[in-house]
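Structure, as structure tokens:
On a predicted model such as this, the values are computed, not experimentally measured, just so you know. Every heavy atom of this structure was used, including side-chain atoms; hydrogens, water molecules and symmetry mates were not.
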Amino acid sequence: MREISVNGQKRAAVGKKATKALRKEGLVPCNIYGEKRNEKGLPEAEAFYVPFTELRKVIYTPHVYVVKLNIEGSERVAIIKELQFHPVTDALLHIDFYEVNETKPITVGIPVKLNGLAEGVKAGGKLNLAIRKLDVTAPYKQIPEVLDVDVTALQLGKSIKVAELQFEGLEIATPKEVIVCSVKATRASRSAAAAAEAAEA
């Protein structure tokens with residue numbers, strides 16, 4: 001996974017008034033959830049804020065990043081757990097981060113990359129990517145930037161499901177029956193098939 005460094009500052013006040021004031025200054029309120037637990041045994045959030053300019057590259061990108069947070073000298077490694085946007089303006093309102101380490105497995109969606117020229121495409125079909133990301137589970141150091149899927153042998157009218165895929169060191173968390181990609185028949189491929197049948201006849 002790609003890594004990016006972000007600098008933040010601790011939040012002294014966490015109420016609505018305080019968070020509204022932060023946003024007016026171009027700052028994004030954030031929480032990070034780590035090993036700390038509250039009295040009920042639930043993960044305890046630590047509040048901080050980050051300038052929006054530092055978050056732009058992390059948010060508006062097809063890539064998945066591990067974020068190295070420097071919060072007033074305290075180094076933390078995390079992934080984005082949840083983003084909150086304004087329902088009308090689409091402005092970024094809040095981010096929840098989840099702290100990770102090199103041994104603790106995490107589950108994260110990684111982009112799928114189709115490689116090769118499918119046999120079905122050679123026959124006139126159209127390659128269709130049905131799902132853009134697959135959820136995989138592993139320590140973050142073992143998770144790649146993309147998941148390469150070889151489609152060379154994929155025939156016309158056929159598909160590749162999650163159950164058919166394997167990636168070294170990764171456990172796929174997406175349901176096995178989900179279709180990853182397929183080659184659909186087109187008018188040209190149907191015409192070619194009909195012509196071939198007529199020639200054989």
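Looking only at side-chain heavy atoms (C-beta outward), I59 and F85 come within less than 4.5 Å of each other.
Counted within 6.0 Å of CD on Q166, heavy atoms from surrounding residues, nucleotides or ligands total 12 or fewer; the atom is thus considered open. The number of heavy-atom neighbours closer than 6.0 Å to OH of Y98, taken from other residues, nucleotides and ligands shown, is 12 or below.
T61 contributes a side-chain N or O that, together with a main-chain N or O of H63, makes up a donor-acceptor pair within less than 3.5 Å. E102 contributes no side-chain N or O that, together with a main-chain N or O of K141, makes up a donor-acceptor pair within less than 3.5 Å.
Going from atom OG of S74 over to atom CG of L69 covers 9.0 Å, rounded to the nearest 0.5 Å. The CZ atom of F97 lies 10.0 Å from the CG atom of N31; values are rounded to the nearest 0.5 Å. To the nearest 0.5 Å, atom CD1 of residue I32 and atom CZ of residue R76 are 4.5 Å apart. Here I80 contributes atom CD1 and C30 contributes atom SG; the two are 8.5 Å apart, rounded to the nearest 0.5 Å. Rounding to the nearest 0.5 Å gives a distance of 12.0 Å between CG of D135 and CG of L170. Separation of atoms CG (N101) and CD1 (I106) is listed at 9.5 Å; rounding is to 0.5 Å.
A chain of hydrophobic side-chain contacts below 4.5 Å, direct or via other Ile, Leu, Val, Met, Phe, Trp or Tyr residues, connects V112 to L165. Cluster annotation: V108 is connected to I172 through the hydrophobic network of ILVMFWY side chains, with a link wherever side-chain heavy atoms come within less than 4.5 Å. Hydrophobic clustering places L129 together with V136 (ILVMFWY residues linked when any side-chain heavy atoms are closer than 4.5 Å, directly or through intermediates). There is a path of hydrophobic side-chain contacts, each under 4.5 Å, that joins I79 to Y140. In this structure, L92 is a member of the same hydrophobic cluster as Y65, with clusters built from ILVMFWY side-chain heavy atoms closer than 4.5 Å.
Residue pairs meeting the salt bridge (charged side-chain N to carboxylate O under 4.0 Å, His left out) criterion with at least one partner in residues 13-24, sequence neighbours excluded, are absent.
Taking all atoms of both residues into account, the shortest heavy-atom contact from T137 to A173 is OG1-CB, 4.0 Å. For the residue pair G116 and V151, the shortest heavy atom distance occurs at O-CG2, 3.4 Å. Taking each heavy atom of D90 and Y60 in turn, the nearest pair found is O-OH, 4.5 Å. The two residues L147 and L134 come nearest to each other via the heavy atoms CD1-CB, 3.7 Å. Between P51 and N7, the closest heavy-atom pair is CD-O, 3.8 Å. Smallest separation of non-hydrogen atoms from I71 and K10: CG2-CG, 3.9 Å.
Each of K133, E145, R2 was scored for a side-chain contact (heavy atoms from CB on, under 4.5 Å) with V64, with one residue passing: K133.
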Practice task
Please lay out, stage by stage, how F48 and E72 fare under the test side-chain contact (heavy atoms from CB on, under 4.5 Å).
Solution key: CA-CA 10 Å; F48 65 103; E72 296 185 9; over 6 Å; no
Exercise for the section: Show the numbers, then the answer: is there a side-chain contact (heavy atoms from CB on, under 4.5 Å) between V162 and V180? Expected result: CA-CA 6 Å; V162 171; V180 178; 3.8 Å; yes
Exercise for the section: Applying side-chain contact (heavy atoms from CB on, under 4.5 Å), run through H94 and T19 and close with a yes or a no. Expected result: CA-CA 9 Å; H94 185 90; T19 54; over 6 Å; no
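K161 and E164 are not joined by a salt bridge, as no carboxylate oxygen comes within less than 4.0 angstrom of a charged side-chain nitrogen.
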